[in-house]
**Q** 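Just passing along the structure, written as structure tokens.
This one's a predicted model, so the numbers in the text were calculated from it and none came from an experiment. Lettering follows sequence order; numbering is per chain, from 1.
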Amino acid sequence: MASLINCPHCGVRPREEFTIRGDAGPVRPAPDADFGAWDAYVHLRDNVRGPMAEHWQHSGGCRRWLVVERDTFTHEVFAVVDAADYTRVPVAKPARARKAANPAGRRGGA
Amino acid sequence: MSFSRFSDGGLIDRSQRIGFSFDGRRFEGFAGDTLASALLANGQVLMGRSFKYHRPRGLLSGGASEPNALVTLGAGGLREPNLRASMVTLREGLSAESQNRWPSLGFDLGAVNSALSPFIGAGFYYKTFMWPAALWERLYEPVIRRAAGLGRASHAPDPQDYEKRWAHCDLLVIGSGPAGLTAALSAARAGARVILCDENARFGGRLIRDQVEIGDLDGPGFAAEVADELAANANVRLLAGTTVFGSYDSGVFGALERRDGASSGPAQRIWRIVARRAVLASGAEERPLVFGGNDRPGIMMASTMRGLIHAEAVRPGNHVGVFTTGASGHETARDLLARGLEVTLVDSRRDIPDAERAASRSARVLEDHMVADALGGKAVSAMEVIDRASGRRERINIDALATSGGWNPVVGLACQRGDKPDWDTNRGMFVPPAASDGLMAAGSAAGILDLEGCLDSGARAGAEAAAALGFKPKKTSIPTVREACGGSTGFATLWHVSEARGKAFVDFQNDVTVSDLGLAVREGYGHVELAKRYTTTGMATDQGKLSNVNAIGILAENRGLSPDRVGTTTFRPFYTPVSIGALAGEHRGAHYRPVRRSPLHGWAEKHGAVFIEAGAWMRASHFPRDGESSWKPACDRECVAVRAGVGISDASTLGKIDVTGKDAAQFLDLIYTGKISSLSVGKARYGLMLREDGLLMDDGTVSRFAEDHFVITTTTAAAGEVMAHMEFCAQALWPELDVRLVSVTDQWAQITVAGPQSRAVLVRIVDEDLSEEAMPFLAARPVRLHSGLAARLFRISFSGELAFELAVPARHGEAVADAILEAGRPYGITPYGLEALNVLRIEKGFITHAEIDGRTTPGDLGLGKMVSAKKPDFIGRVMLAREGLQRDDREQLVGLRPVRPDQTVLAGAHLLKPDTAPTMANDQGHITSACWSPNLGSHIALAMLRRGRARHGERLIAHDPLRGFESEVEVCAPVFWPAEEAQTVNTEMLTVEHPAVRPAPPAPHDLLDGLFTGQTGQATLVMGSETLVALVTGPAAKDRAVRRVAKAGDGICRPVQPGQVLVVGRSGESAEALVTRLAMPRGLSLCDLSDARVRLMLAGPEAAEILAVFCALDLASGSFKPGASAPVLLGHIPAQLTCVGAQTYEIMVFSTYGQDLAESLSRALRLAG
Ligand SMILES: [Zn+2]
């Protein structure tokens, strides 16, 4: 039916206004990086159960690309930032570091 | 004596008689009746037949949980099945039909199933109909469907209107019984915005149906007093007849408002309620007792019978049996006795509390007794009572039987997001999990069964929620309460009566008995989720509202566990069934999804175009002339005309993106495979975009209008995807680049003029030198028409002919296209559509998304030379170099001609070497595009063929087993129309043979023409005045400067995103004047969107409510004041919403969506009226 996302530019909006691209963790390698780095960037993704950072576009609003940090299991949203800011501050990349943490597991998959 | 009506009392209005029919028989009821109460008052106790055994059934619980009294209302497109008679408000002329009986409700042949029950017990579907599988479709399923089933849906279209609307509140209160009312009251008094929903037509819940006193008021009086106070509070929205059916993430709830009999507005409305806090005051269901024949008509829940006596004055015969394990039975006995009826009360307990004994003291009370079996046919006539101590049975004749096995709190909404209810051993019931996500249960939903406790817990919950949101609630004082049994509410747990001889039903709607559950345990399906599926308990439309807890209790007993160890099944939306029509809302028929109309839509329509859906667009397919009965002759004629003379078509649907900023060229070098930065100003270039995995994403043209200003085109199909991709690259990958992307698709009407005579036609329109020298192939530049209109001209071709694309501001499109037709008349100019466009491009081997299918590389399509080998980086560069994408045995683009030119070839056919079997191993490739070429007199095709470029001349078989085609084809180069574009310039053609043609000024286009535009006093819709609309763009870091500049337009800042703000000029102000006035600082630029947006103005007291149909913004909260503006999705259409004054909103929408949105707004206005 709905869930609400707090766009840093537009405020709280229903999920229908957004388009999801996927994992925001992988960083585009330098053009001369070795092939393994490119292969990982293009093809390798973790199937995360728990906290994850994802690229979402507010396609029905400001059209900015955002990084939504949420729990893939409970749908709890922790933070939403503009993708440009996320790229510039690599410190704020929690998904990989946190993914091993076991979520509370309170809610079952519907 | 059967059921009848008391001559006095009740909440019905005896002065208002209401005629209705049931199974064709005429009846009369009163205002205030439900269909169920009116039928009972008329002695019609039999209301339906059961699902499997076709047993006669009557009203059991009333309310939303009613499993038996299901009816179908209405006929034709208005037919609605499976409605609970207890939830249908009686109205004049209502026509109801019983369900699942044949030939009639009284005499049902299906009842023979009851005799067959040993063979159709639990799991019979799995056991009986396993073999042979072929019989399923032909025999088993149709027979089962007919014999076992509920009502049937109509196949006719539903003529009613449905609507969806957003609502926002601080506190949502679900249920308006005692707890719900005080919760709403205490929060509303504290100043919170409250929404109170109740699925019944009247607020009050049990206060309406039980005999209680609160202070000096009776139940209905107290409910009315509270409801009146709430109704008078502007912060409160009362929704009667509204079922909250789902609890979703982020505090969003779904609710269905039924508006049966409403004279205007939608038949049903879905509310999407955004609530900061919620109080679940959904009450409790009385738990049925499971004994033999417990499904006979005339047996009902004790509270249901009380309610029928008090609210609708229904008299349940003369002598009524009551079978109870707790206080509720004694309360019902009290009320029956007060009405002068004879009562025999059977209580399973030995130690009945004194307060309960006092309530039922004039009845014959059999303590430590149980009802083992109920007897009777179409109505209960006797009960067989068993003395628990001695085992002695006694038969007692009765007219009706009230039963109570205790209470089940209605916990569903508290558990829909995954939480499980807790088993409370002391109270013998499942109670909601601890408050979470802002949802808190109160009253009997929380297991508090006494009235005073309910009133108090509601008031506390409301106050707590309000306080948590920063309001300052005052204490709501609860008056003195007097209720039956002095507030005693306890009950003993009795899962079933084991001495029963007849069928003892647990799930009434799906005909599941105690023995079915026992069988499930014995056969190893005792887990609650397995037992549910094995026996179908809880799987009917009532979702086990009455049956689940008893089923869990019986499973627990069978397995020697406590109920909490058995656990509950999963709670999911929907709490009660919701019709598909309500969920679809307005998105059906022509508005199933938004339609984009090209600025030349009207022009094409005027010239007889036949339209087809192409993605979101309606595009002209062909322009038939007299005598052309199908698309084919029209398409053939159009194709020949373009190559022989000149044609005109609409290219407006191509995606057009304005790319500016000082790093625009550098950015495009990263996006395209070729070098864009070397493109000269005034030139266009064909470009390819890859995905990061090296495969083709899209193709199109890039034109350079200034050092830092490009316009790119995308294919129509991929326009949205490409825009999102480029935005991702600009914002997420390279945010340090100054590049600004603006979709200008809606701004320009783009007209293709193609064919050897195109130049001769255009010189009559365009006031420029169009000679080969001045306007060579791939020239792209701003031009002026003879009329003075500023336009853009591109010398590009998708047909292989000499061709131009002329872009004019959208509103001028139709007039300019007409002028071109006029100018081309001496040359026989022919409008052509999408079909001809496709043939012309296949003839030249130009690719579309039939070839760019997500598997092809530039090299595969013969475009390898368009990939720069020098650029250090661009999207897809590294992955494209993979060995597998570079091998020469990949499938490559080729042309195919059938050996016999008249032989059809179709896209999708696979290619085989002659005399090889059609296997995957032998597959040589497939046909991507095919057509009949009237210019060549042959079928032709494009195909992806393994090592194709080395196989020109080879003969293959095009194998199409699905459509039964097989044809011999010869491989050739993917270019069929060999004629090169005429390079020799016919100077004669350049001398203006005919005078200039000047397009007329555009006629004003009123989107609201012919539409309902609202009503003064509610809301009205008008077109915004014509002014300049533009986008001020700058680097995101300069957002403040951009906002300041844009605000200078008309005083309102309309932000789209950081660095992009819409500006609206003063009336009549030109772009130049506006630019001068705005005095833009360096680094900012202006993109004219006057033709890309239309403005609609919605104003009036109801304007915000109407907008709530379209968007989730909380317009009423005071945060969206005059001057506020935001980009939003209205329905499915992107727009900029601005509050320009009190109750006045400007809706700025993409112009190609304008017509669609205008129609939708008009509809919403009509439904609001
Ligand atoms: Zn946004």
Side-chain angles (χ1 to χ4, degrees), chain A residues 1-19 21 24 26-35 37-39 41-43 55-67 70-71 73-77 82-88 105-110, chain B residues 166 245-254 270 272 274 416-420 436 570 572-573 691-694 720 723-724 727-728 730-736 741 743 871-875 877-879 881-882 1036 1055-1058 1060 1111-1114 1119 1126-1130 1132-1134:
Chain A
M1 196 82 190
S3 49
L4 304 174
I5 302 296
N6 194 354
C7 171
H9 309 299
C10 306
V12 175
R13 298 299 183 89
R15 188 201 54 205
E16 291 92 317
E17 288 195 355
F18 297 83
T19 320
R21 178 185 166 103
V27 178
R28 193 172 187 270
D32 56 357
D34 66 48
F35 185 79
W38 276 96
D39 182 43
Y41 171 66
V42 173
H43 295 123
H55 274 126
W56 289 37
Q57 188 183 22
H58 191 190
S59 45
C62 60
R63 296 200 62 85
R64 289 295 297 186
W65 280 93
L66 311 170
V67 173
R70 65 170 186 123
D71 189 308
F73 184 63
T74 63
H75 305 312
E76 188 181 349
V77 176
D82 193 283
D85 302 334
Y86 188 80
T87 306
R88 283 166 186 161
R106 194 167 45 79
R107 293 193 196 113
Chain B
W166 288 91
F245 57 70
S247 163
Y248 303 91
D249 291 336
S250 325
V252 179
F253 292 81
I270 293 245
R272 286 184 277 186
V274 182
Q416 283 183 355
R417 295 178 59 226
D419 296 322
K420 292 283 189 183
S436 67
T570 310
R572 296 187 179 89
R691 313 189 309 208
E692 197 69 275
D693 66 2
M723 184 68 179
E727 286 167 328
F728 181 79
Q731 298 167 17
L733 295 184
W734 297 294
E736 66 280 5
L741 306 168
S743 168
K871 287 197 299 181
D873 192 12
F874 59 86
I875 297 279
R877 185 190 69 95
V878 174
M879 284 287 134
R882 282 182 289 171
V1056 177
Q1057 61 173 236
Q1060 293 199 358
C1111 79
L1113 285 188
D1114 184 4
S1119 59
V1128 292
L1129 210 51
L1130 294 181
H1132 298 155
I1133 298 174

**Q** Nearest 0.5 Å, please: how far is CZ in B:Arg882 from CG in A:Asp39?
**A** 7.5 Å

**Q** Could you tell me which of B:Asp693, B:Ile1133, B:Val878 has the largest number of non-hydrogen atom pairs under 4.5 Å with chain A?
**A** B:Val878

**Q** Give the member of B:Gly251, B:Ala1126, B:Pro1058 that has the highest number of heavy-atom pairs under 4.5 Å with chain A.
**A** B:Pro1058

**Q** Counting only heavy atoms closer than 4.5 Å, note whether A:Gln57 contacts chain B via side chain, backbone, both or neither.
**A** side chain

**Q** In chain order, what residues pass the side-chain hydrogen bond (donor to acceptor under 3.5 Å, both in side chains) check against B:His1132, with sequence neighbours excluded?
**A** none

**Q** Measure the CZ-SG distance between A:Arg13 and B:Cys1111 for me, rounded to the nearest 0.5 Å.
**A** 7.5 Å

**Q** Should the pair A:Arg28-B:Asp873 be classified as a salt bridge under the 4.0 Å nitrogen-to-oxygen rule?
**A** yes

**Q** Do you know the tightest heavy-atom contact between A:Val42 and B:Met879?
**A** CG2-CG, 3.9 Å

**Q** Nearest heavy-atom pair of A:Ser3 and B:Asp249: which atoms, and what distance?
**A** CB-CB, 3.4 Å

**Q** With A:Arg63 as reference, evaluate B:Gln1060, B:Gln1057, B:Gln731, B:Glu727 under the side-chain hydrogen bond (donor to acceptor under 3.5 Å, both in side chains) test and give the passing residue.
**A** B:Glu727

**Q** Search all heavy atoms of A:Cys10 against all heavy atoms of B:Pro1127 and return the closest pair with its distance.
**A** SG-CG, 4.1 Å

**Q** With sequence neighbours left out, write down each residue that passes side-chain hydrogen bond (donor to acceptor under 3.5 Å, both in side chains) with A:Trp65, or none if nothing qualifies.
**A** none

**Q** Measure A:Arg64 against the heavy atoms of chain B and call it side chain, backbone, both or neither at under 4.5 Å.
**A** both

**Q** Report which part of B:Arg691 has an atom under 4.5 Å of a heavy atom belonging to chain A: side chain, backbone, both, or neither.
**A** neither

**Q** Which bit of B:Leu1113 comes within less than 4.5 Å of chain A, counting heavy atoms only: side chain, backbone, both or neither?
**A** side chain

